[in-house]
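Numbering of residues begins at 1 and proceeds along the displayed sequence.
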Amino acid sequence: MSDFNISDATAHPLARYRNHLEFLGYRVEEGETDLVGRHTRKPNLMVRPISDRGVLVSTIYSFTTGLNRLEILEYVNDLNGSLVFMKAYVDDELDLVMETFFEGEYDRNNFSILLDNVEYDMRIFFNIDLTRQYFG
């Protein structure tokens with residue numbers, strides 16, 4: 001943050017994450033409490049700080065209509081058995097949420113590794129036959 005003569009303590013807590021995502025080609029929108037990064041070839045990501053702990057990195061997908069809750073929950077259970085770095089669950093709107101946690105302060109190398117891990121799990125996600133059926 002020295003380019004702007006702003007100390008790390010007073011800079012926006014997500015500024016480094018935003019810069020990192022933008023460098024990787026994400027179009028980043030900043031909310032009051034999180035960042036949303038959109039990319040044409042990578043999963044869209046939400047980055048939300050967890051006070052004095054790190055950031056939660058999430059991606060959300062909406063199921064196709066016509067699925068019953070039991071089918072969805074069985075799919076998510078199987079998905080969690082396949083994912084390595086992320087956990088999956090169904091939110092109140094019956095959307096699929098996959099997330100992982102980055103502990104500590106921003107570190108370029110470690111955040112890059114986390115994003116590589118997310119992409120690894122996303123390849124698993126997209127290679128599951130039911131994924132194509134459930135998410136069009």
Side-chain angles (χ1 to χ4, degrees):
M1 303 300 340
S2 60
D3 294 346
F4 302 108
N5 294 321
I6 300 173
S7 73
D8 288 343
T10 58
H12 189 286
L14 294 175
R16 291 181 173 181
Y17 296 98
R18 178 187 185 116
N19 292 341
H20 195 124
L21 292 172
E22 287 176 339
F23 178 77
L24 295 175
Y26 282 86
R27 184 175 35 87
V28 179
E29 299 167 14
E30 191 170 321
E32 288 184 32
T33 59
D34 62 0
L35 299 174
V36 176
R38 300 184 194 286
H39 199 284
T40 56
R41 294 180 319 234
K42 297 180 182 190
N44 295 331
L45 298 175
M46 292 184 312
V47 178
R48 183 171 35 117
I50 306 298
S51 62
D52 298 325
R53 297 291 312 269
V55 294
L56 189 63
V57 178
S58 309
T59 187
I60 299 175
Y61 292 88
S62 295
F63 286 95
T64 57
T65 58
L67 298 174
N68 69 49
R69 186 169 176 79
L70 182 58
E71 287 176 307
I72 291 172
L73 294 177
E74 286 177 351
Y75 168 78
V76 171
N77 189 48
D78 291 343
L79 179 59
N80 276 319
S82 299
L83 297 176
V84 177
F85 302 103
M86 301 178 83
K87 69 175 181 175
Y89 63 92
V90 178
D91 67 8
D92 293 336
E93 288 83 35
L94 289 180
D95 289 327
L96 175 70
V97 179
M98 291 182 285
E99 60 190 17
T100 189
F101 188 73
F102 182 75
E103 181 122 16
E105 294 184 16
Y106 172 82
D107 176 84
R108 180 181 57 203
N109 292 329
N110 289 337
F111 191 63
S112 292
I113 291 168
L114 178 124
L115 293 177
D116 286 345
N117 293 344
V118 167
E119 288 190 36
Y120 179 87
D121 272 358
M122 295 309 296
R123 283 191 297 276
I124 292 170
F125 170 66
F126 286 118
N127 283 322
I128 295 173
D129 289 335
L130 285 177
T131 297
R132 290 183 286 281
Q133 180 182 339
Y134 287 177
F135 302 97

Point-to-point distance, once rounded to the nearest 0.5 Å, from CG of L56 to CG of D34: 10.0 Å
Closest approach of H39 to N44 (non-hydrogen atoms, all atoms of both residues): N-OD1, 3.1 Å
Note, I124 side chain near V84 side chain (heavy atom, < 4.5 Å): yes
Donor-acceptor under 3.5 Å (R27 side chain, G37 main chain): no
Heavy atoms from other residues, nucleotides or ligands near OH of Y120 exceed 12 (cutoff 6.0 Å): no
Interatomic distance, E22 atom CD to Y17 atom OH [nearest 0.5 angstrom]: 15.0 Å
Residue pair T59, M122: steps toward the side-chain contact (heavy atoms from CB on, under 4.5 Å) verdict: CA-CA 10 Å; T59 187; M122 295 309 296; 4.1 Å; yes
Single-linkage hydrophobic cluster I50~L45, side-chain heavy atoms < 4.5 angstrom: no
Atom CZ of R69: over 12 foreign heavy atoms under 6.0 Å: no
I128 and Y75: CA distance, side-chain angles, deciding distance, side-chain contact (heavy atoms from CB on, under 4.5 Å) verdict: CA-CA 10 Å; I128 295 173; Y75 168 78; 4.2 Å; yes
Full working for side-chain contact (heavy atoms from CB on, under 4.5 Å) between L96 and F135: CA-CA 10 Å; L96 175 70; F135 302 97; 3.6 Å; yes
Distance in Å, F101 CZ paired with K87 NZ, rounded so as to fall on 0.5 Å steps: 10.5 Å
Spatial distance of atom OG (S62) from atom OH (Y134) [nearest 0.5 Å]: 15.5 Å
Hydrophobic cluster identity match, Y61 and V57, side-chain contacts under 4.5 Å: yes
Which atom of T33 lies closest to which atom of L14, heavy atoms considered: O-CD1, 4.3 Å
Set of salt bridge (Lys or Arg N to Asp or Glu O under 4.0 Å) partners for R48, sequence neighbours left out: none
Side chain to side chain, M98 and L79, heavy atoms closer than 4.5 Å: yes
Minimum heavy-atom distance between D107 and N110, given as atom pair plus value: OD2-N, 2.8 Å
V97-L73 co-clustered via ILVMFWY side chain contacts under 4.5 Å: no
H20 and F23, any side-chain heavy atoms less than 4.5 Å apart: no
Residues that N68 engages under side-chain contact (heavy atoms from CB on, under 4.5 Å), provided they are two or more places apart: L70, E71
Distance-minimising heavy-atom pair for M86 and D121: N-OD2, 2.7 Å
Cluster check I60, L114: I/L/V/M/F/W/Y, side chain < 4.5 angstrom: no
Any residue meeting side chain to side chain donor-acceptor pair (under 3.5 Å) with E103, in chain and number order, not counting sequence neighbours: R53
Contacts of type side-chain contact (heavy atoms from CB on, under 4.5 Å), residue I72, not counting sequence neighbours: F63, L67, V76, V90
Minimal non-hydrogen separation, F102 against F111, with atom names: CE1-N, 3.5 Å
Salt bridge (Lys or Arg N to Asp or Glu O under 4.0 Å) partners of R123, counting only residues at least two apart: none
Same cluster (ILVMFWY, side-chain, under 4.5 Å), V36 and V55: no
D116 CG: over 12 foreign heavy atoms closer than 6.0 Å: yes
Set of side-chain contact (heavy atoms from CB on, under 4.5 Å) partners for E105, sequence neighbours left out: none
